[in-house]
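Accompanying notes for the structure given below.
The structure displayed is predicted, hence computed values, not measured ones.
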Amino acid sequence: MLNNKVVLVTGAASGIGRAIALVAAREGARLILSDIDAHAGQETVKQVRALGAEALFAASDVGKAEDAQALVDQAMAHYGQLDVACNNAGIGGAMALLADYPLDAWAQVININLSGVFFGMKAQIPAMLKGGGGAIVNTSSILGMVGMATGPAYSAAKHGVIGLTQSAAIAYSGQGLRINAIGPGFIHTPMVSALEEDPNLKAALIAAHPIGRLGLPEEVAELVVWLASSRASFVTGGYYPVDGGYLAR
Ligand code: NAP
């Protein structure tokens with residue numbers, strides 16, 4: 001599905017980002033993988049290469065505009081093109097009701113989860129247009145559509161990712177660049193493992209998904225890779241849940 005396409009993935013050292021890298025590798029992509037965790041990022045590179053795909057790792061902080069530009073520059077220097085970008089890195093952030101939410105935690109979540117996607121696309125779009133277009137897939141969340149009492153910053157940031165995605169799609173879809181957002185439900189990754197340790201909370205999370213379980217990173221990656229591929233040639237400006245029915249209630 002992604003034969004020879006150059007695919008950039010942020011947050012590729014763990015969870016959904018690693019799964020995107022592995023599914024894209026299976027589908028023939030050449031990868032530029034990034035994360036703040038260089039050690040675990042190199043482990044993803046190893047797993048990708050074991051599938052016979054080409055990959056390089058570049059440490060980068062999505063919360064810094066200059067890092068986002070340097071990452072795209074590295075992709076262009078190494079591969080000479082950029083076809084797909086998956087702006088996936090994110091954090092859960094502090095959990096507290098709005099009136100108690102710490103100001104520094106708000107700034108951190110908005111910087112990484114929302115400004116990070118803006119910085120990423122701002123650097124990626126000119127490079128992709130040079131090659132005639134491509135596809136961007138931004139990781140929002142079910143909490144980009146609905147709220148969570150203890151996650152006001154996370155939910156606000158993920159709602160913002162959908163607005164950024166739609167605005168960019170309107171601006172660039174006529175130039176061969178498709179831009180979409182995905183909305184995972186609760187997925188088994190290190191980000192939610194702390195929540196899963198409390199058996200009552202875990203049961204409540206499972207009950208919120210009509211399918212009767214949490215999702216797997218690979219199940220999210222399948223959607224991302226399809227959206228990134230030419231099989232999704234008429235799909236742009238959209239938000240696609242992959243949530244076991246969470247939003248259907
Ligand atoms: P994860 O397993 O924690 O992976 C996220 C990766 O991003 C980690 O390697 C993390 O490094 C890295 N990262 C954190 N801050 C970064 C920064 N400033 N710059 C670059 N990399 C950074 O989480 P995940 O569950 O795969 O989440 C991936 C994306 O899916 C996030 O945007 C998340 O909001 C979204 N999402 C997740 C779920 C879920 O239930 N898991 C549901 C909906 C949406 P460290 O580990 O060192 O922090």
Side-chain angles (χ1 to χ4, degrees), residues 1-12 15-32 62 72 75 81-90 113-114 116-118 120-146 157-185 187 211 215-248:
M1 262 200 283
L2 292 174
N3 265 347
N4 283 324
K5 298 284 185 204
V6 175
V7 176
L8 182 158
V9 184
T10 67
I16 294 169
R18 176 175 283 172
I20 294 170
L22 292 171
V23 174
R26 185 196 74 199
E27 296 297 331
R30 294 178 286 161
L31 290 151
I32 173 148
V62 296
V72 169
Q81 67 194 77
L82 179 63
D83 303 301
V84 172
C86 303
N87 293 306
N88 164 79
N113 290 5
L114 178 56
V117 176
F118 168 68
M121 287 203 290
K122 190 167 163 51
Q124 294 149 9
I125 287 171
M128 294 172 86
L129 290 179
K130 262 188 213 150
I136 295 177
V137 183
N138 296 322
T139 304
S140 177
S141 166
I142 45 173
L143 300 178
M145 277 286 145
V146 296
K158 294 299 187 180
H159 275 73
V161 167
I162 296 172
L164 275 181
T165 300
Q166 291 173 326
S167 301
I170 293 166
Y172 299 106
S173 292
Q175 296 172 67
L177 186 50
R178 296 181 303 98
I179 306 177
N180 291 287
I182 59 156
I187 309 297
I211 211 163
L216 300 174
E218 298 72 30
E219 294 177 303
V220 179
E222 291 290 344
L223 173 63
V224 172
V225 167
W226 180 79
L227 283 170
S229 79
S230 59
R231 295 202 188 168
S233 50
F234 199 56
V235 181
T236 194
Y239 165 82
Y240 296 90
V242 47
D243 69 351
Y246 185 104
L247 290 176

Exercise. Given side-chain contact (heavy atoms from CB on, under 4.5 Å), test N138 with M121 step by step and report yes or no.
Key: CA-CA 9 Å; N138 296 322; M121 287 203 290; 3.5 Å; yes
[Y] backbone acceptor or donor facing [X] side chain under 3.5 Å:
{"X": "Q175", "Y": "Y172", "answer": "no"}
{"X": "K158", "Y": "T139", "answer": "yes"}
{"X": "E27", "Y": "L2", "answer": "no"}
{"X": "T236", "Y": "A169", "answer": "no"}

Quiz item: Can you name the side-chain contact (heavy atoms from CB on, under 4.5 Å) partners of A123, sequence neighbours left out?
Solution: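 Partners of A123 under the side-chain contact (heavy atoms from CB on, under 4.5 Å) test: A68, Q69, V72.
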Minimum heavy-atom separation for [X] and [Y], please, with both atom names.
{"X": "P217", "Y": "I187", "answer": "N-CG2, 3.4 Å"}
{"X": "A29", "Y": "V7", "answer": "CB-CG2, 3.6 Å"}
{"X": "A75", "Y": "L82", "answer": "CB-CD1, 4.5 Å"}
{"X": "Q81", "Y": "N4", "answer": "NE2-O, 4.4 Å"}
{"X": "L31", "Y": "A24", "answer": "CD2-CB, 4.1 Å"}
{"X": "I16", "Y": "P184", "answer": "CD1-CG, 4.3 Å"}

Self-check item: Sub-4.5 Å side-chain heavy-atom contact between I125 and I136
Solution: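 I125 vs I136: side chains touch.
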Practice problem: Report yes if some heavy atom in the side chain of L22 is under 4.5 Å from a heavy atom in the side chain of E218; otherwise report no. | Solution: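 No, side chains not in contact.
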Which distance, rounded to the nearest 0.5 Å, do you find between the [atom1] of [X] and the [atom2] of [Y]?
{"X": "N88", "Y": "L8", "atom1": "CG", "atom2": "CG", "result": "11.0 Å"}
{"X": "N3", "Y": "R30", "atom1": "CG", "atom2": "CZ", "result": "10.5 Å"}
{"X": "S141", "Y": "Y239", "atom1": "OG", "atom2": "OH", "result": "6.0 Å"}
{"X": "N87", "Y": "N113", "atom1": "CG", "atom2": "CG", "result": "12.0 Å"}
{"X": "I142", "Y": "Y246", "atom1": "CD1", "atom2": "OH", "result": "4.5 Å"}
{"X": "S230", "Y": "D83", "atom1": "OG", "atom2": "CG", "result": "11.0 Å"}

Self-check item: Those residues that, when tested against R231, pass salt bridge (charged side-chain N to carboxylate O under 4.0 Å, His left out) (two or more places apart)
Solution: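 Here no residue qualifies.
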Pairs under 3.5 angstrom only: tabulate donor-acceptor contacts from the side chains of residues 176-183 to other protein residues two or more places apart or in another chain.
residue, atom, partner, partner atom, Å
R178, NE, A232, O, 3.4
R178, NH1, L227, O, 3.0
R178, NH1, A232, O, 2.9
R178, NH1, V235, O, 3.0
R178, NH2, L227, O, 2.8
R178, NH2, S229, O, 3.0
N180, OD1, G237, N, 3.3
N180, OD1, G238, N, 2.9
N180, ND2, V235, O, 3.0

